[in-house]
Chemist: 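Here it is, the structure, as structure tokens.
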Amino acid sequence: MSVVQTLLIYAAIPGAIYGLVALLTLRDKFARAPRYRPGQPWDYPPVWWTANPAGAEASAVPTGGGKPRRTAKGGARGSW
């Protein structure tokens with residue numbers, strides 16, 4: 001084998017494979033829109049998200065008029 005063949009087999013072919021893999025992994029980064037960074041203007045309408053769309057219409061404030069009832073125990077002390 002000549003020096004040129006040796007360099008092609010052991011340097012150029014693996015280098016081309018590594019380069020191809022690097023381009024494939026960076027493809028998504030160049031294809032998508034730029035990310036929002038804090039301090040940049042927000043040019044999109046606000047979107048309200050809720051995990052329970054049926055409960056979105058219900059009022060979050062209790063209408064019983066009385067003292068709110070505690071339903072959970074515990075807290076920072078961990079005495080459940």
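These figures come from a predicted structure and were not determined experimentally.
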Chemist: Please enumerate all residues that pass ring-ring contact (aromatic ring centres under 6.0 Å, His included) together with Tyr44, with sequence neighbours excluded.
Modeler: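 Applying ring-ring contact (aromatic ring centres under 6.0 Å, His included) to Tyr44 gives Trp42.
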Chemist: For residues 16-25, dump all side-chain donor-acceptor pairs below 3.5 Å to protein atoms at least two apart in sequence or in another chain.
Modeler:
unit_1	atom_1	unit_2	atom_2	d
Thr25	OG1	Val21	O	3.4
Thr25	OG1	Ala22	O	2.9

Chemist: Residues two or more places apart in sequence or in another chain: which of them pass side-chain contact (heavy atoms from CB on, under 4.5 Å) with Arg37?
Modeler: Arg35, Gln40
Chemist: Taking only residues two or more places apart in sequence, or in another chain, which ones meet Val4 in a side-chain contact (heavy atoms from CB on, under 4.5 Å)?
Modeler: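 Listed in chain order: Ser2, Leu8.
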